[in-house]
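Notes follow the structure.
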Number of protein chains: 2
Amino acid sequence: MAESSRILNHIPRVHATAAPESRPYEPICAVFRRYLHGQSLKFTPERAMILDAVLRKDSLFDAERLVDDLKALGHRVSRATAYRTLTHLQDAGIVKQVFLDNKQSYYEVVAGRQTHDYLICVATGKVIEFSSEKVRRLREEICREHGFEPLSHQLQIYGVSPEGRKKSE
Amino acid sequence: MAESSRILNHIPRVHATAAPESRPYEPICAVFRRYLHGQSLKFTPERAMILDAVLRKDSLFDAERLVDDLKALGHRVSRATAYRTLTHLQDAGIVKQVFLDNKQSYYEVVAGRQTHDYLICVATGKVIEFSSEKVRRLREEICREHGFEPLSHQLQIYGVSPEGRKKSE
DNA sequence: CTGATTGCAAACACTTTGCAGCAGA
DNA sequence: TCTGCTGCAAAGTGTTTGCAATCAG
């Protein structure tokens, strides 16, 4: 089944399987504080504001959009801090980075939510997010076959949506 | 099942489903020539050399590696031409672009071969390529549910391989 | 011949990083 | 107080693009 292999130039950072010792229903903010404390990192106002803005997202977002959201809420946060915090949020198992194109990274919240996979219309650019138990089961099966311990996955299907089909006629 | 949607900032280019009117067993070089001709593009020595180098790859590669391979074969091709040609090869349905991390793009040959999905070890950076009929069937099923016409897909599972587990102990 | 192609270098866009001043714990 | 944090601007990096010379058809 496996056919060949190589080494990646850049190992992508992957969010934790689940916040390590997270209790059910624990506020995500508390999860983050605990994570930061465990790493001798500090819970700053900037990090609190970013986490807040992140948790308001109910679908894919990028760093730019996050900074804009914060600006709209009256908070001024530098891009650098946004990127740095997104990294911590990933390490804390709160957000996941998604690679949909070669231009930039996207993020989605995973803590306390189901992760998504994506249908991307190449005619309209529209992204449909869906969550599938079958995908999760297949991922387990594939990993079992290869002795792999899964942490995260990404599935994107590129194609043409019903609207895209109309548009291109 | 679908939960929310948004529009992508950059619509990724996706290789054609299959070389449009490709005949079985037709040499890939002929497919490319036919594609170029159809687009009023020219078959240049650079494009021939790049296609040749691409077809020698049996697993994931990146643009840099491609240029290095060509250099090793004694051919001098600029990065710009390599990128431009990879785009044409994608449009011709010969290669597919893969997004594994936020640093760069990877490519794999798809013409006349099975496409792959990837298991990526976050401990070692090793990439295991595999081909799964179950993944292809699931993709069809998901597209049917959403009225989507699939062109391409990408599945990456990030986790820890057996060797990675040993290493981190 | 004529429009497409090439290589070069500059431009681009997203992301990361060095640094000086600031501030949680 | 002692680290870690922030914003800024500069650096970094893969990829794209403008342009003049060149070449395929």
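Proteins get letters first, then strands, A, B, ... in listed order; numbering begins at 1 in each.
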Does any N or O donor sit under 3.5 Å from an N or O acceptor when you compare the side chain of A:K42 with the base of D:dT3? yes
Is a donor-acceptor contact shorter than 3.5 angstrom present between the side chain of A:R84 and the base of D:dG7? yes
For the side chain of B:L41, counting heavy atoms from C-beta on, which of D:dG14, C:dT5, D:dT16 is nearest? C:dT5
Taking only the side-chain heavy atoms of B:A80 (C-beta and beyond), determine which of C:dC8, D:dG7, D:dT15 contains the nearest atom. C:dC8
B:E133 with B:R136: basic N within carboxylate O range, under 4.0 Å: yes
When you check the phosphate oxygens OP1 and OP2 of C:dT5, does a side-chain N or O of B:T44 lie under 4.0 Å from one of them? no
Residue whose closest nucleotide on DNA chain D lies nearer the 5' end, B:E64 versus B:R33: B:E64
May I ask you to say whether A:K57 pairs ionically with A:D69, meaning some side-chain N is under 4.0 Å from a carboxylate O? yes
Taking only the side-chain nitrogens and oxygens of A:S105, find out if one of them lies under 4.0 Å from OP1 or OP2 of C:dT15. yes
Picking from C:dG7, D:dG7, C:dT16, which would you name as closest to the side chain of B:V77? C:dG7
At under 4.0 Å, does any side-chain N or O of B:R47 touch on OP1 or OP2 of C:dT6? yes
Rounded distance (Å) that lies between atom C1' of C:dA4 and atom CG of B:L36: 11 Å
Quick one: does B:Q154's side chain have a donor or acceptor within less than 3.5 Å of a partner on B:F99's backbone? yes
Nearest-nucleotide comparison on DNA chain D, the residue closer to the 5′ end among B:R79 and A:A82: A:A82
Note: A:E108-A:R113 ion pair, threshold 4.0 Å (strictly below): no
